[in-house]
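Below is one structure, written out as structure tokens; the observations come after it.
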Amino acid sequence: MTLADAMGKGTGPALVAATVRASLRTAPERSLSDAVIEVDRLLEDDLADTSMFVTAVVAELQPETGDLEVIDAGHSLAFVVRADGSWTPLRSTNLPLGMGMGLADPRVPVTTRLEPGDAFICCSDGLLDVLDPDDPFGHVERVLAEMGPGGAVGEALRLANDERATDDITVVVVRRDT
């Protein structure tokens, strides 16, 4: 699963986001870490003379076991919501893709397991524009506690129509049922 958000609007950023997706799919036998490192290297080369970068959440789920690996590249908007209603943000200190500036960034995935009833949620940074500006993560926590994962998606759809929503809003939810 990939949620990639290229900086800017229009055809250029759309092509960059499509390139990220295509590059991640070219060699499925690679580890998640190796795939993201390669995309980062390609973007650094391609975007070197621009001020563009890409924030991304790249995840791989093993449906049989629920094992989930997540690499967050400057996004910091990925969560696991447990069946009991508790939730854990999957935060990262990784730079966005294309911004490595030659620094070594191992892109080590965060690993967790989705048990039956758990959900993995990630969203684009456009959602931050419409959340509580004083406490955006508290806003997410309240919505998840009161509405659960399905209600959180409904709330995101409602907020996407808010006049403050000047950026794209994307929400991905994957729930493990068995």
Side-chain angles (χ1 to χ4, degrees), residues 1-9 13-26 28 30-33 35-36 39-40 43 53-83 85-92 94 96-98 107 109-131 136-137 139-162 165-178:
M1 297 165 281
T2 302
L3 190 157
D5 192 2
M7 187 178 119
K9 299 197 182 314
L15 289 172
V16 170
T19 299
V20 169
R21 181 178 182 269
S23 296
L24 287 168
R25 295 173 61 133
T26 58
R30 293 180 295 187
S31 71
L32 190 63
S33 183
V36 173
V39 168
D40 193 20
L43 285 176
F53 58 86
V54 178
T55 62
V57 174
V58 182
E60 186 169 56
L61 175 66
Q62 301 301 323
E64 307 80 30
T65 63
D67 290 343
L68 178 70
E69 288 187 329
V70 179
I71 294 181
D72 182 326
H75 215 70
S76 298
L77 295 170
F79 310 89
V80 172
V81 181
R82 301 291 175 196
S86 65
W87 67 286
T88 304
L90 301 174
R91 294 196 178 138
S92 167
N94 286 326
L97 301 173
R107 304 287 184 184
V110 172
T111 58
T112 189
R113 175 170 285 169
L114 295 182
E115 299 296 340
D118 292 350
F120 169 68
I121 300 176
C122 62
C123 52
S124 64
D125 62 354
L127 190 62
L128 291 174
D129 295 338
V130 294
L131 293 176
F137 288 106
H139 187 159
V140 171
E141 183 173 17
R142 288 188 301 278
V143 168
L144 288 171
E146 294 168 13
M147 301 179 181
V153 172
E155 177 69 357
L157 290 170
R158 185 188 72 74
L159 290 170
N161 292 311
D162 188 292
T166 58
D167 195 0
D168 60 306
I169 296 176
T170 303
V171 178
V172 176
V173 178
V174 177
R175 182 170 178 234
R176 183 174 183 212
D177 289 330
T178 57

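Note that the structure is a prediction, hence the values are computed from the model and not measured.
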Original post:
Tell me, do R107 and L97 make a side-chain contact under 4.5 Å, heavy atoms counted?
Top reply: yes
**OP:** Evaluate side-chain contact (heavy atoms from CB on, under 4.5 Å) for V110 paired with D72, printing each intermediate quantity in order.
**Re:** CA-CA 8 Å; V110 172; D72 182 326; over 6 Å; no
**OP:** Please report the closest heavy-atom contact between A59 and L68, naming both atoms and the distance.
**Re:** CB-CD1, 4.0 Å
Original post:
Quick one: does D129's side chain have a donor or acceptor within less than 3.5 Å of a partner on L131's backbone?
Top reply: no
**OP:** Check V54, T55, V20 against D5 for a side chain to side chain contact (heavy atoms under 4.5 Å, CB included) and give me the one that passes.
**Re:** T55
Subject >> OG1-CG distance between T88 and D118, expressed to the nearest 0.5 angstrom >> reply: 9.0 Å
Original post:
In Å and rounded to the nearest 0.5 Å, what is the NE2 to CG distance from H139 to L127?
Top reply: 8.0 Å
Original post:
Above 12 or not: heavy atoms from other molecules or residues under 6.0 Å from CZ of R21?
Top reply: no
**OP:** Taking all non-hydrogen atoms of both residues into account, name the closest pair between A4 and A17 and its distance.
**Re:** O-CB, 4.4 Å
Original post:
Any side-chain heavy atom of V58 sitting closer than 4.5 Å to one from L32?
Top reply: yes
**OP:** Could you tell me which non-hydrogen atom of T65 sits nearest to which non-hydrogen atom of R176, and how far apart they are?
**Re:** O-NH1, 3.2 Å
Subject >> Nearest heavy atoms of P13 and G8, plus distance in Å >> reply: CG-C, 3.5 Å
Original post:
So do V171 and E155 actually touch side chain to side chain, heavy atoms under 4.5 Å?
Top reply: no
Subject >> Minimum heavy-atom distance A119-V173, with the two atoms named >> reply: CB-CG1, 4.3 Å
Original post:
Is the closest side-chain heavy-atom distance between T111 and D67 below 4.5 Å?
Top reply: no
Original post:
Which atoms form the tightest heavy-atom contact between L128 and P136, and what is the distance?
Top reply: CD2-CB, 4.0 Å
Original post:
Does the side chain of V16 come within less than 4.5 Å of L43's, by heavy atoms?
Top reply: yes
Subject >> Residue that, paired with F120, satisfies side chain to side chain contact (heavy atoms under 4.5 Å, CB included) out of V57, T112, L61, V81 >> reply: V57
Original post:
Are any non-hydrogen side-chain atoms of L3 and S124 less than 4.5 angstrom apart?
Top reply: yes
Original post:
Can you check whether G98's main-chain N or O pairs, donor with acceptor, with D40's side chain at less than 3.5 Å?
Top reply: yes
**OP:** Verify side-chain contact (heavy atoms from CB on, under 4.5 Å) between S33 and I71, making sure each step is shown before the conclusion.
**Re:** CA-CA 7 Å; S33 183; I71 294 181; 4.2 Å; yes
